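Here the structure is a predicted model, which means the values were calculated and not measured. Order of listing sets the numbers, starting from 1, for every ligand and every atom in it. Note: hydrogens, waters and symmetry copies are ignored here, and every other heavy atom, side chains too, is used.
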Amino acid sequence: MAAEMTVDITKTFPSGFTLRARLAISLGPSTVLILFGPSGSGKTTILRCLAGLERPEEGRIRFISRTWFDAEQAIDVPPQERGVGYMSQDYSLFPTYSVAGNIGFGLGGLTADEKQRRVAESLTLLKLQGLEQLTPSQLSGGQQQRVALARAIARHPQLLLLDEPLSALDTPTRLRLQGELRHLLKHLAIPSIVVTHDWGEALALGDQMAVIGAGRVLQVGTPQEVFNRPNGEEVARIVGIETALQGRVRESVEGLATVEVAGVILHALAGDEVGPDVFVCIRAEDVVLAHGSAGTTSARNQLRGSVVDISSMGALVKVGLDCGFPLSAIVTRSAVEDLHLSLGMPLTASIKAGAVHLVPRRDAAFTA
Ligand code: ATP
């Protein structure tokens with residue numbers, strides 16, 4: 001059954017930053033909602049308000065049929081009674097507690113047997129068996145992340161709140177754990193809200209995405225919808241990716257992948273970990289437009305298309321093309337004049353293989 005969540009809160013910090021977040025969303029049993037936005041936009045504050053760790057000045061928060069917070073009615077349900085699992089950006093593990101001690105923390109209300117059962121269950125789910133007695137300093141970054149997740153899920157929460165769960169990890173570990181985290185979140189069948197400012201992570205993990213800018217919720221939709229159709233300049237600037245398409249890797253040889261998108265073949269630089277199901281992401285500024293063949297360009301991808309949209313973005317112009325799939329380009333005003341751009345005009349779009357980014361769509365199994 002879907003969990004309805006409504007958030008309408010205001011909070012001001014002494015620094016002058018004001019959060020005015022409004023969001024009404026229906027979360028399915030394993031829906032992953034991404035809070036996406038730049039540093040300082042208010043993502044963590046929203047998560048902390050949901051967890052009950054931060055108190056808004058005004059407004060209300062409802063989850064399923066329960067009011068967690070209502071300023072007018074003086075309702076403020078304490079964090080431990082909200083049924084949420086919260087994982088902070090720095091994991092907040094207790095340095096002197098063992099792995100098992102960290103996971104069991106917060107299960108105080110349970111019998112010793114039940115507590116032990118929950119700890120064992122979380123250790124198994126996160127593939128942490130054998131590490132029970134170690135302390136956090138004896139673990140790798142990826143293992144610490146798993147302990148923090150294990151602690152968040154051990155309480156059998158109704159909602160998981162994860163603040164930049166992968167940001168403390170090095171890039172190869174982060175990419176590997178992205179797929180594993182997605183798999184785990186789907187397997188747990190608990191709705192989750194995940195904060196990130198990494199668009200690859202948003203696409204790899206998210207079912208829904210809310211873009212946060214300057215303390216406000218600017219757009220909500222599937223990550224693909226939001227990346228492809230930002231609802232305004234502010235969101236377009238925040239997300240930075242204007243084309244995100246579902247594709248399938250046909251071949252990958254020595255770091256060069258051949259990908260099919262809606263029957264069109266594209267070439268992309270890719271690591272071994274990618275494929276076969278991917279999101280193909282292209283920044284609009286990496287698309288070069290020309291008449292006829294692009295001639296001398298070294299770009300591997302030369303796509304024939306026609307202009308379907310021309311819209312002004314101040315000093316720049318966004319051009320929408322139909323290349324068998326929708327593709328956006330950003331060009332200068334002088335380029336628009338030089339090319340005599342008009343709707344319906346046939347053009348060639350050139351994109352270097354290095355500018356075609358592949359984000360895995362597959363669900364990876366957990367590996368130790
Ligand atoms: P990041 O991606 O860098 O974690 P964020 O989008 O999560 O950023 P928040 O951490 O929610 O942003 O911070 C939003 C704003 O609120 C920032 O200007 C921050 O300085 C301010 N802020 C957050 N917490 C506090 C606090 N406890 N006291 C004072 N100001 C705060």
Side-chain angles (χ1 to χ4, degrees), residues 5-23 25 32-61 63 68-69 71 76 78-79 82 84-93 141 144-145 148-149 152 159-171 173-175 177-178 181 185 191-206 208-221 223 226-227 230-241 359:
M5 188 176 80
T6 51
V7 178
D8 183 355
I9 48 172
T10 303
K11 176 157 187 80
T12 302
F13 286 115
S15 59
F17 174 84
T18 300
L19 177 82
R20 278 198 192 88
R22 282 183 174 194
L23 177 68
I25 193 161
V32 179
L33 167 66
I34 300 286
L35 298 187
F36 184 91
S39 187
S41 56
K43 306 180 296 295
T44 296
T45 306
I46 295 176
L47 218 58
R48 288 175 58 80
C49 287
L50 288 172
L53 301 170
E54 204 79 69
R55 195 176 194 283
E57 283 118 31
E58 289 171 34
R60 60 209 61 79
I61 302 172
F63 184 71
W68 280 348
F69 178 80
D76 188 9
R82 293 192 183 196
V84 300
Y86 176 73
M87 177 176 154
S88 68
Q89 206 168 341
D90 61 3
Y91 307 152
S92 303
L93 297 176
Q144 289 179 23
Q145 184 257 6
L149 254 179
L159 177 67
L160 260 179
L161 304 171
L162 311 180
D163 194 353
E164 308 232 16
L166 305 173
S167 68
L169 305 171
D170 57 77
T171 306
T173 310
R174 194 168 66 232
L175 290 177
L177 293 193
Q178 252 175 32
L181 181 58
L185 294 178
S192 49
I193 304 182
V194 178
V195 164
T196 185
H197 56 249
D198 177 318
W199 56 263
E201 213 159 284
L203 275 163
L205 295 177
Q208 291 285 310
M209 167 166 154
V211 179
I212 317 296
R216 287 163 197 270
V217 180
L218 300 173
Q219 186 172 357
V220 183
V226 175
F227 284 112
N231 66 5
E233 253 182 68
E234 196 177 355
V235 172
R237 194 170 31 75
I238 290 171
V239 300
I241 289 281
V359 175

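Using a 4.5 Å cut-off on side-chain heavy atoms (C-beta onward), Phe36 and Glu201 make no contact. Under the 4.5 Å side-chain criterion, counting only non-hydrogen atoms from C-beta, Trp199 is not in contact with Met209. Counting heavy atoms from C-beta outward, Leu185 and Leu162 have side chains that approach closer than 4.5 Å. Taking the side chain as every heavy atom from C-beta outward, Ile46 and Ile193 never approach each other to under 4.5 Å.
Taking Phe63 as the reference, Trp68 meet the ring-ring contact (aromatic ring centres under 6.0 Å, His included) condition, with sequence neighbours excluded.
Some N or O of Gly42 is nearer than 3.5 Å to an N or O of ligand 1, by distance alone.
Distances below 4.0 Å separate heavy atoms of Pro38 from the following atoms of ligand 1: 6 (O). Which parts of ligand 1 touch Glu164 is read off a 4.0 Å heavy-atom cut-off, strictly below it: atoms 2 (O). Near Ser41, the atoms of ligand 1 lying under 4.0 angstrom from a non-hydrogen atom of the residue are 5 (P), 6 (O), 12 (O). Taking every heavy atom of Gln89 and a limit of under 4.0 angstrom, the matching atoms of ligand 1 come to 4 (O).
The two residues Phe69 and Pro56 make their nearest non-hydrogen contact at CZ-O, 3.3 Å. The minimum heavy-atom distance linking Cys49 with Ile61 is given by the pair O-CD1, 3.6 Å. Nearest heavy-atom pair, Ile238 versus Gly213, reported as atom, atom and distance to 0.1 Å: CD1-CA, 3.9 Å. When all heavy atoms of Gly42 and Leu19 are compared, the closest pair comes out as O-CD1, 3.9 Å. In terms of heavy-atom proximity, Gln145 sits nearest to Tyr91 at CB-OH, 3.3 Å.
Within the 4.0 Å cut-off (strictly below), a protein heavy atom is located near atom 29 (C) of ligand 1. Distances from atom 16 (O) of ligand 1 to the protein include at least one heavy-atom value under 4.0 Å.
Nearest protein heavy-atom contact of atom 27 (N) of ligand 1 is Phe13 CE2, 3.9 Å. Among protein heavy atoms, atom 8 (O) of ligand 1 sits closest to Gly40 N, 2.8 Å. If you check which protein heavy atom lies closest to atom 20 (O) of ligand 1, you get Ser15 OG, 4.7 Å. Atom 3 (O) of ligand 1 has Ser39 OG, 2.6 Å as its closest protein atom, hydrogens excluded (heavy atom only). Protein heavy atom closest to atom 13 (O) of ligand 1, with residue, atom name and distance, is Thr45 OG1, 3.9 Å. Atom 2 (O) of ligand 1 has Lys43 NZ, 2.9 Å as its closest protein atom, hydrogens excluded (heavy atom only).
With a heavy-atom cut-off of 4.0 Å, Glu54 does not touch ligand 1 at all.
Comparing heavy-atom distances from atom 4 (O) of ligand 1 across Leu35, Leu19, Thr44 singles out Thr44 as nearest.
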